[in-house]
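Data block below; observations after.
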There are 2 protein chains.
Amino acid sequence: MDKFLQTFARYVLDKKLNITAQRLTIAESFFKSEKHLTAEELYLVVKNFDPSIGQTTVYRTLKLLCDSGLAREIQLGNTSINYEKNYDTEHHDHLICESCGKIIEVTDQSIEFLQNKLAEKHGFTLTTHVLNLYGLCKECHENREHLLNNKKKYFLKKY
Amino acid sequence: MDKFLQTFARYVLDKKLNITAQRLTIAESFFKSEKHLTAEELYLVVKNFDPSIGQTTVYRTLKLLCDSGLAREIQLGNTSINYEKNYDTEHHDHLICESCGKIIEVTDQSIEFLQNKLAEKHGFTLTTHVLNLYGLCKECHENREHLLNNKKKYFLKKY
DNA sequence: TTACCTGCAAACAGTTTGCAGGCCG
DNA sequence: CGGCCTGCAAACTGTTTGCAGGTAA
């Protein structure tokens, strides 16, 4: 973890920018977090540490983290931007439960391989990709069985 | 095309809503369009037909079209929501050029198959998925060759 | 000292909502 | 006629920007 802070610090210095308490606090909170946070969510976490930090600075620091390659923007819902760690980890895809919001990260080499082949076929040079699979997780699927039954009844009545 | 208008009209009536000139104009413009429009873009098209239509109505009608299953929201860039036709077409993935913005629609059965297997492995029941491949199209890749060379020089100088 | 950094408030873009009047059926 | 529909303006959300004062090096 400190390793990432150091990487971040080095990047900041390289760009002739300053290392500040705010930037370190925000970066550290980001590295510590387990989830895909939005700027808003990270702001709330950071504010617990140091209530004087404003959200503007969180936005700006997240942008810095992305520039440095340590973070990455991802699109999960249609609402706002989530930020994901982008170091020390393979690229991964997401299984997203539309009911409880749970997100499972997965990697699948054979899918990656086919994606590359597909891009090649169309003359594309890939830089990145997004694969989100939306649906219901096992638990939610079971809980919703009765809802589905209701829907079935509705259709039967209708036709 | 008229077929889709009729489907839309039937859906509207089914929901005990009214068929109005605005809704028909907006739906027709949407069906005619070849691209993935945003609400804003569709509004501009519609305004050519009938300048009295407001964007609020475009938003509301697009929502109706989604409810009816004839349209679908998709995320392409990080900015706004694009709407895509969702009828009479297979599901398709997108190859997106980050330079010129060109979008190529593709389908790949073997990738779909692997996605389903992946979801199954995690107990997920899929409803939909998003696969966007970002990169450079052939033309842009070639045009950017010299830019890449400049970057290389930069790195060599630095290390 | 000098340029960068920060928090605040204001601006902004995309989208949604409240409302008064209008139209469909 | 009654409830749905519309356009307008205003509200809202997430994000960015201008600015005056503060801080790193």
Side-chain angles (χ1 to χ4, degrees), chain A residues 5 8-30 36-68 71-83, chain B residues 5 8-30 36-68 71-83:
Chain A
L5 265 186
F8 179 56
R10 210 175 311 131
Y11 174 80
V12 168
L13 289 177
D14 271 7
K15 287 204 94 177
K16 310 273 185 206
L17 304 176
N18 295 334
I19 293 172
T20 65
Q22 290 95 326
R23 283 180 177 163
L24 291 179
T25 306
I26 295 167
E28 200 176 349
S29 299
F30 176 73
H36 304 96
L37 298 170
T38 62
E40 187 74 18
E41 288 163 347
L42 183 56
Y43 170 58
L44 293 176
V45 173
V46 162
K47 226 164 69 168
N48 279 340
F49 265 86
D50 178 353
S52 74
I53 293 180
Q55 32 184 344
T56 311
T57 307
V58 174
Y59 275 100
R60 290 194 268 228
T61 304
L62 273 173
K63 199 143 281 181
L64 256 189
L65 282 164
C66 288
D67 291 345
S68 77
R72 199 156 59 88
E73 296 188 351
I74 52 170
Q75 272 289 343
L76 294 180
N78 271 330
T79 41
S80 51
I81 303 170
N82 288 271
Y83 292 86
Chain B
L5 263 187
F8 179 57
R10 210 175 311 131
Y11 174 81
V12 168
L13 288 177
D14 272 7
K15 286 204 94 179
K16 311 273 187 208
L17 302 176
N18 294 335
I19 292 173
T20 65
Q22 291 95 325
R23 283 180 178 162
L24 291 179
T25 305
I26 294 167
E28 200 177 348
S29 298
F30 175 74
H36 305 96
L37 297 170
T38 62
E40 187 74 18
E41 288 163 347
L42 183 55
Y43 170 59
L44 293 176
V45 173
V46 162
K47 225 164 70 168
N48 279 340
F49 265 86
D50 178 353
S52 73
I53 293 179
Q55 33 184 343
T56 311
T57 308
V58 174
Y59 276 100
R60 290 194 269 228
T61 305
L62 273 173
K63 200 144 281 179
L64 257 189
L65 282 165
C66 288
D67 291 345
S68 77
R72 199 156 60 88
E73 296 188 351
I74 51 170
Q75 271 290 341
L76 293 180
N78 271 330
T79 41
S80 51
I81 304 169
N82 289 68
Y83 292 86

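These numbers come from the heavy atoms of this one structure, side chains and all, not from hydrogens, waters or symmetry mates. Bear in mind the structure is a predicted one, so any value in this text is a computation, not a measurement. Throughout, a chain's letter reflects where its sequence line sits, starting with A, and its residues are numbered from 1.
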**A/K15 side chain near C/dC4 phosphate (N/O to OP1/OP2, under 4.0 Å)** = no
**Request:** In whole angstrom, give the distance that lies between atom NZ of A/K63 and atom P of C/dT6.
**Result:** 15 Å
**Asked** In whole angstrom, what separates B/L13's CG from C/dG25's C1'?
**Response** 10 Å
**Message:** Nearest 0.5 Å, please: how far is CG in A/L17 from CG in A/L13?
**Reply:** 8.5 Å
**Prompt:** To the nearest Å, how far apart are A/L42 CG and D/dT15 C1'?
**Reply:** 15 Å
**Request:** Report the residues that fulfil side chain to side chain donor-acceptor pair (under 3.5 Å) with B/R60, sequence neighbours left out, ordered by chain and then residue number.
**Result:** none
Which pairs, protein N/O on one side and nucleotides 4-6 of chain D N/O on the other, fall under 3.5 Å?
from	atom 1	to	atom 2	distance (Å)
D/dC5	OP1	B/N18	N	2.9
D/dC5	OP1	B/R23	NH1	2.3
D/dC5	OP1	B/R23	NH2	3.1
D/dT6	OP1	B/T20	OG1	2.8
D/dT6	O3'	B/Q22	NE2	3.1

**Prompt:** Roughly how many Å is it from OH in B/Y83 to C1' in C/dT15, rounded to a whole number?
**Reply:** 9 Å
**Complete:** NE2 of A/H36 to CD of A/E73, rounded to nearest 0.5 Å, is 13.5 Å
**Prompt:** OH of A/Y43 versus C1' of D/dG14: gap in Å, rounded?
**Reply:** 14 Å
**Request:** Could you tell me the separation between the CD1 atom of A/I81 and the C1' atom of D/dT13, rounded to a whole number of Å?
**Result:** 13 Å
**Complete:** A/T56 has its side chain closest, among C/dC8, D/dA9, C/dT15, to C/dC8
**Asked** Quick one: A/L37 CG to D/dG14 P, roughly how many Å, whole number?
**Response** 14 Å
**Complete:** Value for CD1 (B/I19) from OH (B/Y11), rounded to nearest 0.5 Å, stands at 13.0 Å
**Asked** Rounding to a whole Å, what distance do you find between B/E41:CD and C/dT15:P?
**Response** 10 Å
**Message:** D/dT16, OP1 or OP2 - any side-chain N/O from A/Y59 closer than 4.0 Å?
**Reply:** no
**Asked** So, does A/R23 use its side chain to make a donor-acceptor pair with the main chain of A/N18 at under 3.5 Å?
**Response** yes
In a table with atom names and distances, give each donor-acceptor pair under 3.5 Å that connects a side chain of residues 39-54 of chain A to protein atoms at least two apart or in another chain.
from	atom 1	to	atom 2	distance (Å)
A/E41	OE1	A/T38	N	2.9
A/D50	OD1	A/S52	N	2.9
A/D50	OD1	A/S52	OG	2.7

**Nearest-0.5 Å distance that lies between atom OG1 in A/T61 and atom CG in A/D67** = 11.0 Å
